[in-house]
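In what follows, chains are A, B, ... by sequence order, proteins preceding strands, each numbered from 1.
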Amino acid sequence: MANKFYITTPIYYVNASPHIGHSYTNIAADTLARHMRKSLGKDNVWFLTGTDEHGQKIQKAADESGLSPQQFVDKVVTQFKDLWQKLNISNDDFIRTTEKRHIQTVTRALEIAYAKGDIYQAQYEGWYCVPCENFCTETQVQVEDKTCPDCNRPIDKISETNYFFKLSNYQDWLIKHIESNPGFIRPQIRENEVLSFLKLNKLTDLCISRPKERLNWGIPLPFSPEHVTYVWFDALINYISAVGSFDNSGRYVSKWWDKDTQVVHLIGKDILRHHAVYWPIMLHALGIELPKEMVVFAHGWWMMGQDKMSKSRGNVVAPLDMADKYGIDTYRYFLLRDVPFGLDGNFSEESIIKRFNSDLANDLGNLVYRTLTMIEKYFQGQIPGLVALDEQGKNILASIKALPKESGDLLSLNFSFSLSLERIWNSIAMANKYVEETKPWNLAKENKIDELKSFIRLLVEVIRASGDEIDPFMPQTAVSIKEQFGKKEIKKGNPLFPRIDTKSKPNSRLPAGR
RNA sequence: CGCGGGGUGGAGCAGCCUGGUAGCUCGUCAGGCUCAUAACCUGAAGGUCGCAAGUUCAAAUCUUGCCCCCGCAACCA
């Protein structure tokens, strides 16, 4: 079992503003990082996110806005950084592909691969649309009229010199590696997908360059001043350029990339092939050993009703709007609870409100509130001690004792955010049921003080235990629960999650900024 | 005959690999209770498990055929 944990998100392409999908990956990664910090210690966890800033589209977007590429990316990067701060993303580092440390590592990696003979020069031939400045794939081209699928203008077949990375050399190695490391690609269905793709197709070598006359916003190839590095070779390297470097002999050295570290790459299912095929081959070719417990986990997509979310359809949801409207923790909770990680989900404000009312307000919030009230009412704001426990009380105690391991394993072993939360909510439901069955109001009337004491103390224990497990998912809520039960004299105060009234006028009461 | 995912009570899903009383959440209805945010707890109604055939003592679950939906060009998690 590894004793260090290194988790990454993709580096996001900064040609547009962040959307719900970006925030999904980062919230998941953040939750895992927070959880692992609790079990391995703060110093043994490293959480990386960042931005991908080179390439044609960025150059183009910069031109259109009248800025230099650097000015343009500097501007958009701020949006990402601000968002992560707002959403309580606890990343330890933030890498930009325009940083010196990254450029140096990419350059070294290219040199090493080139020297090994894994990079070669060849002619690249394809259909090129001059106005769009883009190659169209063979399938995209309407062959008869030879026009560009985007702009319908004529395209030309052109040929240019480029550099290629020999993926094909390592195909057999990769198949073997995947087969002998179950759990490397997750969920299982993605592993099957990759394996069958690898077995059914011969990998074509990866084009890793662009001629400078077409694109100069990129990292120059060290062995050819006429070319810059194409984005994917550039981008994937971020995972190692951020946490280490090559020494003089070309050996990669890093605290976060060794036998004792579990490396986890969280990605969206759209970039599975890059991470499950190109990336391991690149590492292997560079002589970098893949950590034994390395995981590439491809999660699903958020759909907007029946449609895919896309910029062109104009149905992109801005994470900040949702967080502002419903609260940061609510947003985090919803994304991780509503849909199993790995599957696609449907996004709607209606389902956020549903989750909010039933899980957060009714189950958790109400449990906290009614418990606080009883402490105030029956014990003048002092949390009583455990005096005597009946059978049911013992069962409850046993159940919350088992909670950390059970909910924790679902997270760290299975990446099942939703099931982990479900397990926590079992405890909450159990406590609510316990209240009904114990009928504390009767105990009070009958003056059964010892029973009442133990009963309330047990409720507090359930809330504390649940709060600890909720912490990685909803950091603010966890703090707030701790505070409420940590006061010298406990008062009920305001509800944690005031119910959203959907029956009368909408938007009448929204939760405060938490 | 391209590849993959899916079709289970009103909604969203689990179960299928390793056949054997069809489960969960939400919603609906009824009841209970009052510590609580009309919240909580209990119970009920509601399903020929896409269609058809086959294997079997027994199929949501295995086999075959068919029908329907969604991805597989780009932006992009």
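- Residue A/Asn15 places no side-chain N or O under 4.0 Å from the OP1 or OP2 atom of B/C75.
- For A/Tyr24 and B/A77, the shortest distance from a side-chain N or O to OP1 or OP2 is not below 4.0 Å.
- Each of B/C76, B/G5, B/A14 was ranked by its minimum atom distance to the side chain of A/Ile189; first place goes to B/G5.
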Each nucleotide N or O in nucleotides 29-33 of chain B that has a protein N or O under 3.5 Å away: list the pair and distance.
unit_1 : atom_1 : unit_2   : atom_2 : d
B/G32  : N2     : A/Glu436 : OE1    : 3.4

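- Residue-level contact check: A/Leu372 touches neither bases nor backbone, having no heavy atom under 4.0 Å from any strand.
- For the C1' atom pair drawn from B/U63 and B/G10, the interatomic distance equals 34 Å after rounding to whole Å.
- Here B/U25 presents its P atom at 9 Å from CG of A/Asn426, a figure rounded to the nearest Å.
- One atom, CD1 of A/Ile352, and another, P of B/C26, lie 18 Å apart when rounded to the nearest Å.
- Within the structure, every side-chain polar atom (N or O) of A/His299 is placed at least 4.0 Å from both OP1 and OP2 of B/A77.
- Distance, A/Lys60 NZ to B/A74 C1': 12 Å, rounded to whole Å.
- Applying the side chain to side chain contact (heavy atoms under 4.5 Å, CB included) criterion to A/Gln484, with sequence neighbours excluded, gives A/Val368, A/Leu372, A/Ser480, A/Leu496.
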Which nucleotides of RNA chain B pair, in dot-bracket form (Watson-Crick or G-U under 3.5 Å, | meaning another strand): .(((((((.[[[[.)....(..]]]].(((((.......))))).....[[[[[..)....]]]]])))))).....
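- Look at the P atom in both B/C41 and B/G50: the space between them is 32 Å, to the nearest Å.
- In this structure, A/Phe347 and A/Phe334 have perpendicular ring planes: the angle between them is above 60°, well past the 30° mark.
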Worked check of ring-ring contact (aromatic ring centres under 6.0 Å, His included) between A/Phe94 and A/Trp84: CA-CA 10 Å; A/Phe94 187 104; A/Trp84 302 149; 8.0 Å; no
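- In this structure, A/Arg186 has no side chain to side chain donor-acceptor pair (under 3.5 Å) partners at least two apart in sequence or on a different chain.
- Spacing between atom CD1 of A/Ile463 and atom P of B/A36 amounts to 15 Å, rounded to whole angstrom units.
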Hey, what are the protein-to-nucleotides 42-46 of chain B N/O distances that come in under 3.5 Å?
unit_1 : atom_1 : unit_2   : atom_2 : d
B/U42  : OP1    : A/Lys433 : NZ     : 3.2

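- Rounding to whole angstrom units, CD1 of residue A/Ile353 and C1' of B/C26 are separated by 14 Å.
- The base of B/A36 sits with one of its N or O atoms less than 3.5 Å from a complementary donor or acceptor on the side chain of A/Asn366.
- Rounded to whole Å, the separation between the P atoms of B/A52 and B/G6 comes to 22 Å.
- Out of B/C40, B/U37, B/C35, the shortest distance to the side chain of A/Met374 is found at B/C35.
- A/Gly268 comes within contact range of the sugar-phosphate backbone alone, with a heavy-atom separation under 4.0 Å but no base atom that close.
- Listed nucleotides: B/C75, B/C35, B/C26. Nearest to the side chain of A/Tyr378: B/C35.
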Residues A/Phe233, A/Tyr278; criterion ring-ring contact (aromatic ring centres under 6.0 Å, His included); working and verdict: CA-CA 9 Å; A/Phe233 196 94; A/Tyr278 305 163; over 10 Å; no
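- Within 6.0 Å of CD on A/Gln85 lie no more than 12 heavy atoms contributed by other residues, nucleotides or ligands.
- Annotation: B/A58 and B/G31 have their C1' atoms spaced 39 Å apart (nearest Å).
- With hydrogens and angles left out, the side-chain atoms of A/Glu350 and A/Ser348 include no donor and acceptor closer than 3.5 Å.
- Using atom C1' as the reference point in both B/G32 and B/A38, the two lie 15 Å apart (nearest Å).
- Taking the six-membered ring wherever Trp is involved, the centroid distance between the rings of A/Phe341 and A/Tyr24 falls below 6.0 Å.
- Checking B/C26, B/A36, B/A77 against the side-chain heavy atoms of A/Lys354 singles out B/C26 as nearest.
- The pair A/Lys354-A/Asp338 does not meet the salt-bridge criterion, since no charged nitrogen lies less than 4.0 angstrom from a carboxylate oxygen.
- The side-chain hydrogen bond (donor to acceptor under 3.5 Å, both in side chains) contacts involving residues 373-388 of chain A comprise nothing, where partners must be two or more places apart or lie in separate chains.
- Atom CH2 in A/Trp301 sits about 18 Å away from atom P in B/G4, given to the nearest Å.
- For A/Arg499 and A/Asn366, the side-chain atoms include no donor-acceptor pair closer than 3.5 Å.
- Among the heavy atoms of the strands, none lies under 4.0 Å from A/Leu367.
- Taking atom C1' in both B/A73 and B/U28, the straight-line distance is 45 Å, to the nearest Å.
- Of the listed nucleotides (B/C75, B/C41, B/A77), B/C75 has the atom at the smallest distance from the side chain of A/Lys57.
- Here A/Glu193 pairs with A/Arg190 in a salt bridge; the nearest charged N to carboxylate O distance falls below 4.0 Å.
- Ion pair A/Glu349/A/Lys325 flagged as a salt bridge, since at least one NZ, NE, NH1 or NH2 atom sits closer than 4.0 Å to an Asp/Glu carboxylate oxygen.
- Distance, A/Glu422 CD to B/C26 C1': 13 Å, rounded to whole Å.
- At the heavy-atom level, A/Pro440 lies nowhere under 4.0 Å from the strands shown.
- With distances taken from any side-chain atom of A/Arg499 to the nucleotides B/A39, B/A77, B/C40, the minimum falls on B/A39.
- Rounded to a whole Å, the CG atom of A/Asp338 is 12 Å from the C1' atom of B/A11.
- Here, B/C3 and B/C13 have their C1' atoms 26 Å apart, quoted to the whole Å.
- A residue-by-residue look at A/Lys445 and A/Asp363 shows that A/Lys445 has its nearest nucleotide of RNA chain B further toward the 5' end.
- Closest to the side chain of A/Arg370, from the set B/A77, B/U37, B/C40, is B/C40.
- In this structure, A/Leu266 reaches neither bases nor backbone, as no heavy-atom distance under 4.0 Å exists between it and the strands shown.
- When the P atom is used for both B/A60 and B/G23, the distance is 14 Å, rounded to whole Å.
- When each of A/Leu360 and A/Asn357 is assigned the nucleotide of RNA chain B with its nearest heavy atom, A/Leu360 is the one assigned upstream, toward the 5' end.
- Side-chain atoms of A/Asp329 and A/Thr477 include a donor-acceptor pair closer than 3.5 Å.
- Each of A/Tyr326, A/Phe417, A/Phe356, A/Trp425 was scored for a ring-ring contact (aromatic ring centres under 6.0 Å, His included) with A/Tyr333, with one residue passing: A/Trp425.
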